Structure formats: structure tokens, C-alpha cells
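The structure under discussion appears below in the form of C-alpha cells.
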Amino acid sequence: MATTLKRELRDIIQYRNAYFLAFSATTGYVCFGWDIGLIGGVISLPSFQEYFGLLSESASARASLSANIVSVLQGGGFFGALFSSYFASRFGRKPVLLASAVIYLIGSIIQSTAGIGTSPAVGLKVLYFSRFLGGMGVGLMSALVPTYVSECAPRAIRGRCTGCIEVAVGLGNMLAFWVNYSVSLNISPGQMQWRLPIIAQIVPGALFLFFMLFQPESPRWLVEHGRYEEAAVALAYIASKNQDDDAVVLTLSVIRADFIGKHKLPLLEQFRKMGESKIIFLRCIIPSLATFFQQWSGTNAINYYAPEIFAGLGFSSTSLALFATGIYGVVKFVMTLITLAFVIESWGRKRSLIYGGLLQGLMMLWIGGYAGAHPNQGVVPGTYVSIVAIYLFGIFFCIGWGFTPLVLGSEVAPGHLRTAVMSLATATTWLFTYVIAQITPIMLNHITYGTYLVFGVASFIMAAWVYIFIPETTGYPLEDIKYLFEKNIIIRSLEDAPGGRIFLGKRRAVPVEELKAADVLAPNSSKEILEESRSRSEEASAQGHSLRNSNSQKWEDPLII
């Protein structure tokens with residue numbers, strides 16, 4: 001234990017700049033998490049419903065309006081994510097992230113003033129517009145942050161750095177939940193009761209804008225655009241090393257070699273190249289499939305409609321439901337921190353997704369079974385067990401499907417197509433977040449307990465997909481991920497799965513080292529880059545720093561990212 005803590009402390013000191021970069025970039029996801037946790041509590045406040053005339057509507061009409069208010073942000077997020085690839089490829093990751101912060105702030109300011117000096121009907125339209133605009137800002141940042149962080153983070157801590165995204169989401173959730181609970185108790189019913197939580201979401205947006213001003217551009221984007229000196233400066237900053245350090249020079253040469261013939265591909269060409277081979281297509285579709293499955297876990301149904309869900313389990317008081325929602329936010333946030341510190345790098349991506357999917361599915365089946373067997377019975381002992389099951393769902397979701405899909409997606413995406421692939425994956429997230437936000441009230445109203453059963457079964461399907469089709473990516477440089485998909489993909493996936501070798505007998509996948517050794521660099525690669533890369537690799541090999549597959553050894557690898 002002492003050795004582990006000493007190593008972790010050394011890691012924090014060595015990669016302090018990388019951790020600060022990840023912290024700065026993922027502050028944008030606090031905005032995303034804040035809105036997810038914010039709006040469900042705000043629309044449940046009687047003061048909000050009275051201001052916009054929702055109390056006079058029927059129950060079904062009120063549910064429809066609530067779904068529209070919640071989901072219009074997803075519409076903006078979808079288009080923001082979809083456009084992110086073009087802007088990030090042309091202007092760079094950092095400028096577009098700064099622009100996304102400005103768009104988010106403008107949307108939040110308009111949203112916080114919706115209805116002032118107008119009728120409730122006009123105010124509702126302004127609210128729709130401002131949430132759509134803010135959603136475009138969040139969509140841009142949500143698509144680019146995983147790409148930016150994965151392209152900048154040292155691979156020894158890449159899982160943690162990218163995993164900071166879910167910590168940021170959890171922090172935003174938790175703060176929004178408790179702000180909603182606080183205003184329900186301490187602010188008298190009126191405009192300020194529901195405006196204050198919206199005004200408060202401006203703070204993380206301003207912090208994100210401020211912190212990102214001091215961060216470098218992605219080294220891989222700089223290399224793609226031929227700006228090698230700036231890329232070396234960025235790499236040196238990230239690793240806290242000098243520009244002429246062997247690790248910086250070697251990493252830069254490997255990135256340059258990987259981009260030979262792939263510089264500055266137009267957006268349409270990037271999408272076309274996603275289908276140039278079966279392996280490339282598979283690597284490009286995995287991020288979108290992972291985010292698609294993530295949405296069917298049911299997490300955003302709870303995030304957006306937690307007060308209604310807790311009320312359906314027997315907590316009829318608005319304040320009590322908001323309090324239970326606040327506890328859920330704390331549980332998720334704390335568990336996300338624990339997962340980030342102790343699970344994501346030690347368990348790896350594959351085990352996290354399998355174990356998390358199975359356990360969260362069991363919790364959903366319990367909640368659905370209880371809701372079906374005990375409808376409308378108020379608070380009974382079984383109610384508290386179901387509340388605990390919701391909290392456990394949050395824990396198990398954080399272990400696996402909370403942020404691992406983003407980590408996995410950003411790793412498997414080909415470097416020259418990463419922005420297009422991740423924008424498509426994030427657009428998929430927003431699209432199905434919109435779908436879940438729209439259908440959850442309808443499902444809860446019509447099939448009631450069946451809602452949870454759908455999410456539970458989906459979680460089991462997700463775990464099976466990872467078990468059979470996804471190889472372990474932990475510990476590999478981004479430029480080496482391609483070898484995991486070269487041959488025997490299912491055999492390699494089962495080989496990496498818990499107990500998977502039982503199904504393989506004596507069959508084994510070709511080791512990555514053999515695939516690398518047999519790989520022939522493209523004939524049009526420049527002689528200078530090839531010789532530089534070869535000499536640096538031979539030097540590293542002589543020092544005993546070859547590619548590591550185990551977590552205990554990967555710390556000594558000379559490559560930075």
C-alpha cells in the first residue's frame with residue numbers, strides 16, 4: 001500500500017500539468033452535469049409551474065411540456081456535437097472549446113431572464129430558445145473535451161484524465177441537486193426560487209472559459225497541421241519535460257509518422273474514410289455504439305426525472321423527493337472519485353464495463369419488480385430498499401458505463417479521424433439523451449414499472465456486447481490501438497474477458513508485439529521521420545523501455561501520449 005501511494009504521489013507530481021489540463025477541460029462537463037441535474041428539479045417546483053401556467057394544464061399536457069423543456073437542450077447539443085468536427089478540424093480544439101463556453105454563457109444568461117417583461121407564453125418560447133442555444137454550447141464542448149483530453153493526456157494516466165469527465169458530470173449533478181433542494185426550502189415561492197438555480201449555472205461556464213485560456217493546443221492537431229515546434233512545446237508542457245528530452249522527441253516522431261499521408265483531411269473525406277476498411281469502420285463505430293448503449297442504461301431517466309421517480313416510489317413531498325435526489329447526486333459523485341482513483345486504470349476498460357453493466361442491470365430489475373408488485377402503497381419498508389437500489393445503480397453506473405465509454409471511444413478512434421468519430425459519438429449521445437428525455441415521462445405514465453425492466457435488460461445486453469466484441473485497450477499508446485483490431489478480434493476480446501479463455505480452448509490472438517514487428521511503415525513516409533523514429537525506438541529498447549501491457553510496468557514507457 002505504501003509503495004502504491006508513493007507511486008501515485010510521484011505520478012501526480014510528474015504529470016501535474018497534464019492533470020491541470022484535464023481539470024481545466026473537463027470543467028466544461030460540470031456545465032453539462034449541472035443542466036442535467038438542474039432542470040428536473042426546477043420544473044418540479046410549484047413556483048416554476050405557476051409562473052409558466054403549467055398548473056392549469058392536464059397531467060398529460062404537463063408531462064409533455066416538461067419533456068419539451070428538458071429535451072430542447074438535447075436538440076441544441078445534437079447539432080453542436082455534429083458541427084464540432086468541422087470547426088475543431090479547421091480552427092483547432094482550444095479555440096472551439098473557448099467558443100463553446102461563450103455560447104453556453106450567453107444561453108444561460110438568456111435562460112435566467114426568460115419571461116421578464118413578457119407574458120408566460122412568450123417567456124416559455126424564450127426559455128426554449130435559450131436552452132437550445134446553451135445546448136449548442138454544451139454539445140460543442142461535450143464532443144471536443146474527450147478528444148482534446150485523450151490527445152493530450154499521457155497514456156499512463158489517460159484513463160484518469162478522460163475519466164475526469166464523469167467526475168465533472170457528477171459534480172455538476174450534485175451541485176444542481178442541492179441547489180434545487182436549497183431553494184425549495186429557503187427561498188419563498190416566486191420567480192427567484194426557480195431563477196437562482198439557472199443563474200448559478202453561469203459559474204462553471206465562466207470557470208471553464210477562464211481555465212482553458214491557459215492550456216495548450218492539442219499536440220496531435222498541431223502535428224496534423226505541420227506545426228511541429230508548437231507540438232513539441234505542448235508535449236513538453238504536458239509531461240513537464242524539456243523540449244529536447246528523448247521522450248518528447250520520440251513521441252513527436254511517432255505522432256508525425258502516424259499522420260503521414262493523413263494531414264488536414266476535409267470533413268467529408270474523414271467521414272468517407274470511416275468505411276475504407278472493415279477494421280477502420282469497426283474502430284469508428286464502437287464509440288457511437290458505446291454512447292448509444294450508455295443512454296439505455298437509464299441513468300439520464302433518473303438524472304432528469306429523479307424527483308418524479310422518487311415520488312413514484314412513495315416520496316410524495318417535493319422537498320423530500322429533492323432531498324433524496326440530492327443524496328443520489330452525492331453518492332454518484334463520491335463513487336466517481338473512487339472509481340477514477342482506484343478502478344479505471346487497475347480494472348481496465350473492459351472489466352469496468354462488464355461488471356458495471358451487470359450490476360446496474362440487477363438494480364434496475366429490482367426497482368422494476370418492486371414498483372410492479374407494490375404500486376401506490378406509499379412509504380413502506382420495501383420503499384427504502386428500492387431507494388437504496390437507485391443509489392446502488394448510481395454506484396455501479398459510475399464503475400462502468402459512467403465515463404468508460406468516453407475513455408474507450410477516444411482511444412479506439414483512428415487518430416486522423418478522431419474528431420469526426422467523436423463528434424458522431426457525442427451527437428449519438430445527445431440524440432438518445434433527447435429520446436430518453438422525451439419518452440421517460442410517457443413510459444412512466446403508461447408502462448410504469450416496465451420502464452425499469454427495459455433499462456435492466458438493456459444493461460445486460462451492453463455487458464454481453466463488451467464481453468464478446470471489445471478488446472482491452474488499457475496501457476497502449478493511441479498509435480498502437482489499431483493492432484488490437486488487426487486479427488482475431490473476437491478471440492482477443494474473449495481472451496481479455498473475465499473467464500473468457502474457457503470458450504477459447506487453445507486458441508490465442510496474435511500478440512500485439514508480433515503485429516508491430518511485422519508492420520511495414522508506409523512507403524511514402526519521409527526518410528527523416530522514419531530514421532528518427534527507428535533510432536529513438538532502438539535507444540528506448542536498449543534501455544529496457546519497450547511497450548508495456550501490464551499496469552505495473554507501463555510507467556516506464558518512453559512514449560508520453
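Computed from a predicted structure; not experimentally measured. Atom set for the values below is all heavy atoms of this structure, side chains included, hydrogens, waters and symmetry mates excluded.
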Q | Residue pair W194, F52: steps toward the ring-ring contact (aromatic ring centres under 6.0 Å, His included) verdict | A | CA-CA 11 Å; W194 63 266; F52 287 104; 5.3 Å; yes

Q | Candidate pair R272 and E269, rule salt bridge (charged side-chain N to carboxylate O under 4.0 Å, His left out), full reasoning | A | CA-CA 5 Å; R272 190 189 68 79; E269 183 68 8; 2.7 Å; yes

Q: Please assess L494 against R501 for the test side chain to side chain contact (heavy atoms under 4.5 Å, CB included), listing each intermediate value before the final yes or no.
A: CA-CA 6 Å; L494 290 174; R501 297 197 176 192; over 6 Å; no

Q: Would you please test Y370 and T383 for side chain to side chain contact (heavy atoms under 4.5 Å, CB included) and show each step?
A: CA-CA 8 Å; Y370 171 80; T383 301; 2.8 Å; yes

Q.
Run the side chain to side chain contact (heavy atoms under 4.5 Å, CB included) test on M462 and L353 for me, step by step, so that the C-alpha distance in whole Å, both residues' side-chain angles and the decisive distance to 0.1 Å come before the verdict.
A. CA-CA 8 Å; M462 293 150 54; L353 291 170; over 6 Å; no

(Q) Quick one, W347 with Y355, criterion side chain to side chain contact (heavy atoms under 4.5 Å, CB included). Give me CA distance, side-chain angles, the key distance, then yes/no. (A) CA-CA 10 Å; W347 280 19; Y355 296 150; 3.5 Å; yes

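For the pair W366/I390, no side-chain contact is recorded, criterion being any heavy-atom separation below 4.5 Å from C-beta on. L408 has its side chain within reach of T473: a pair of non-hydrogen atoms, C-beta onward, lies under 4.5 Å apart. Taking 4.5 Å as the limit, some side-chain heavy atom of Y467 sits within range of a side-chain heavy atom of F503. P197 is listed as a side-chain neighbour of V183, based on a closest heavy-atom distance under 4.5 Å. Put simply, the side chain of L478 reaches to within 4.5 Å of the side chain of R220, judged on heavy atoms. For the pair V149 and C164, the minimum side-chain heavy-atom distance is 4.5 Å or more. Side-chain contact between F208 and V30: absent, with no pair of heavy atoms (C-beta onward) separated by less than 4.5 Å. Annotation: side chain of S423 is not in contact with side chain of F87 (no heavy-atom distance under 4.5 Å).
To the nearest 0.5 angstrom, L406 atom CG is 5.5 Å from M422 atom CE. Here the CG atom belonging to L133 is positioned 12.0 Å from the OH atom belonging to Y104, to the nearest 0.5 angstrom. Note that CG of L337 is 8.5 Å distant from CG of L171, once rounded to the nearest 0.5 Å. Note that CD1 of I490 is 10.5 Å distant from CD1 of I470, once rounded to the nearest 0.5 Å. The distance from the CZ atom of F48 to the CG atom of N180 is 11.5 Å, given to the nearest 0.5 Å. Here CZ of F485 is found 12.5 Å from CG of L515. Values are rounded to the nearest 0.5 Å.
A search for side chain to side chain donor-acceptor pair (under 3.5 Å) contacts involving S459 returns Q360, not counting sequence neighbours. Legend: residues meeting ring-ring contact (aromatic ring centres under 6.0 Å, His included) with F460, ordered by chain and number and at least two apart, are absent.
The minimum heavy-atom distance between G368 and L453, with the atom names listed, is CA-CD2, 4.1 Å. Shown here for G348 and T474, the closest heavy-atom pair between the two residues is CA-OG1, 3.2 Å. Scanning both residues, A200 and W34, for their nearest heavy atoms gives CB-CZ2, 3.5 Å. In terms of heavy-atom proximity, L140 sits nearest to S100 at CB-CB, 3.6 Å. Nearest heavy-atom pair, A413 versus R418, reported as atom, atom and distance to 0.1 Å: O-NH2, 3.2 Å. Across all their heavy atoms, A509 and I491 have their closest contact at N-CG2, 3.6 Å.
With ring centers used as reference points, W430 lies under 6.0 Å from F32.
No more than 12 heavy atoms of other residues, nucleotides or ligands shown are found within 6.0 angstrom of CZ on F79. Crowding of W178 atom CH2: a count of heavy atoms from other residues, nucleotides or ligands under 6.0 Å exceeding 12.
Under a 3.5 Å cut-off, the side chain of S130 and the backbone N or O of L127 do form a donor-acceptor pair. A donor-acceptor contact shorter than 3.5 Å is absent between the side chain of Q74 and the backbone of L431. At least one donor-acceptor pair under 3.5 Å links the side chain of E472 to the backbone N or O of R349. With N173 contributing its side chain and G33 its backbone, the two residues share a donor-acceptor pair below 3.5 Å. When atom types are taken as modelled, the side chain of R93 and the backbone of V145 share no donor-acceptor pair closer than 3.5 angstrom. Looking at R131, its side chain does come within 3.5 Å of a backbone N or O of I69 through a donor-acceptor pair. No donor-acceptor pair under 3.5 Å is formed between the side chain of Y29 and the backbone N or O of V167. Remark: side-chain polar atoms of R158 are not paired, donor with acceptor, to backbone N or O of A153 under 3.5 angstrom.
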Donor-acceptor contacts under 3.5 Å from residues 279-295 side chains, at least two apart:
unit_1: R283; atom_1: NE; unit_2: V412; atom_2: O; d: 2.8
unit_1: R283; atom_1: NH2; unit_2: V412; atom_2: O; d: 3.2
unit_1: T291; atom_1: OG1; unit_2: P287; atom_2: O; d: 3.1
unit_1: T291; atom_1: OG1; unit_2: S288; atom_2: O; d: 3.0
unit_1: T291; atom_1: OG1; unit_2: A425; atom_2: O; d: 3.1
unit_1: Q294; atom_1: NE2; unit_2: W401; atom_2: O; d: 2.8
unit_1: Q294; atom_1: NE2; unit_2: G402; atom_2: O; d: 3.0
unit_1: Q295; atom_1: OE1; unit_2: N300; atom_2: ND2; d: 2.6
unit_1: Q295; atom_1: OE1; unit_2: T433; atom_2: OG1; d: 2.8

